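Reviewing the structure listed below.
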Amino acid sequence: MGAVQKEGEDAGQHMDGIYRYQRYIYDVTRKYFLLGRDTLLEAMDPPAGGTILEVGCGTGRNLIKAARRNPNTKVYGFDISTMMLETARANIESAGLSDRITVVEGDATNFSTEELFGEQGIDRVFISYSLSMIPPWREAITQGLEAVKPGGSLHIVDFGQQERLPGLFKKGLSAWLAKFSVEPRPDLEQELQAQADKTGCKLKFERILRDYAQHAIVSKPAV
């Protein structure tokens with residue numbers, strides 16, 4: 001049985017419960033499962049002096065890589081889990097990037113970049129393996145896209161349906177993911193296309209590693 005959210009337990013408490021101890025080994029173990037994250041980071045290419053935001057930043061691993069890859073940018077992140085944020089802040093400080101990376105508590109389905117970071121919009125917003133853990137994931141996409149500046153883009157990587165992978169591997173992976181309340185979104189491409197059409201954006205969508213993962217870029221037109 002998966003990690004089911006208990007009655008009366010909010011999303012932050014639920015995530016804290018899942019990652020209370022997992023956060024200490026998260027980056028070591030997840031590097032074998034969360035494939036395509038670095039492909040996403042390489043594709044962002046923010047403008048010099050621009051801004052980057054990760055929705056659901058977890059341990060801060062991606063933020064640190066993004067900051068190092070793009071030294072002339074401001075990097076932000078938020079997470080609903082206070083325990084993950086505690087680990088992220090420690091990792092960011094250890095990396096010597098506390099002056100460049102800001103992380104705060106926030107909800108992917110209801111946030112304002114101006115309230116959280118004093119930014120009216122962000123050049124590159126990304127969501128890495130978080131949509132599969134957010135029950136109202138469509139709202140998270142809407143919020144993420146709204147946070148993007150004109151001419152900017154929303155980048156997403158998450159689990160695919162693994163249809164082209166061996167059956168036993170797929171079955172084992174699905175069982176393991178369920179333990180952490182992870183549910184791949186089979187209609188991610190359709191939802192992104194619908195939101196892109198509604199907002200005048202352009203969608204680039206690809207299934208990578210034999211549909212192990214899905215990678216998407218939603219580009220917002222410049223004013």
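Computed from a predicted structure; not experimentally measured.
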_Residue E42 excluded, over 12 heavy atoms near CD under 6.0 Å_ = yes
*Evaluate the side-chain proximity of L41 to F126: yes if any heavy-atom separation is below 4.5 Å, no if none is.*
yes
*SB check E189 R207 (cutoff 4.0 Å)*: yes
*Donor + acceptor pair across side chains of S81, D79 (<3.5 Å)*: no
*asked:* For a side-chain hydrogen bond (donor to acceptor under 3.5 Å, both in side chains) check, start with the C-alpha distance between T142 and Q195, then their side-chain angles and the critical distance, and finish with the verdict.
replied: CA-CA 7 Å; T142 300; Q195 294 212 27; 3.0 Å; yes
*asked:* Less than 4.0 angstrom from a charged side-chain N to a carboxylate O is my criterion; do D158 and R37 meet it?
replied: no
*By side chain to side chain donor-acceptor pair (under 3.5 Å) - contacts of N110 (at least two apart)*: none
*Does a side-chain heavy-atom distance below 4.5 Å link L192 with V218?*
yes
*Is it the case that one hydrophobic cluster holds both L116 and I52, taking links as side-chain heavy atoms less than 4.5 Å apart, direct or via other members?*
no
_Could you check whether any side-chain heavy atom of H215 comes within less than 4.5 Å of a side-chain heavy atom of L40, counting everything from C-beta outward?_
yes
*Just by modelled atom types, is the T73 backbone N or O under 3.5 Å from a matching donor or acceptor in the R100 side chain?*
yes
*Assess whether salt bridge (Lys or Arg N to Asp or Glu O under 4.0 Å) is satisfied between E183 and R185, documenting all intermediate values.*
CA-CA 6 Å; E183 183 180 350; R185 308 304 180 189; 3.6 Å; yes
*OG of S128 to CG of N62: how many Å apart, nearest 0.5 Å?*
4.5 Å
*Does any N or O in the side chain of K65 come within less than 3.5 Å of the main-chain N or O of D38, such that one atom is a donor and the other an acceptor?*
no
_4.5 Å side-chain heavy-atom contact, Y76 and I101_ = no
*asked:* Using only atom types and a distance under 3.5 Å, with no angle test, would you say the side chain of N72 pairs donor to acceptor with the backbone of A48?
replied: no
*Yes or no on side-chain hydrogen bond (donor to acceptor under 3.5 Å, both in side chains) for Q143 and E139, after CA distance, side-chain angles and deciding distance?*
CA-CA 6 Å; Q143 287 286 297; E139 289 86 340; over 6 Å; no
*Answer whether the closest heavy-atom distance between the side chains of I208 and Q214 falls below 4.5 Å.*
no
*F78 vs F111 aromatic rings, parallel, tilted or perpendicular, using cut-offs 30° and 60°?*
tilted
*Just wondering, do R124 and T51 contact through their side chains at under 4.5 Å, heavy atoms?*
no
*asked:* Quick one, P221 and C201 - any side-chain contact, counting heavy atoms below 4.5 Å?
replied: yes
*asked:* Using a strict threshold of under 4.0 Å (side-chain N to carboxylate O), is an ion pair present between D123 and K74?
replied: no
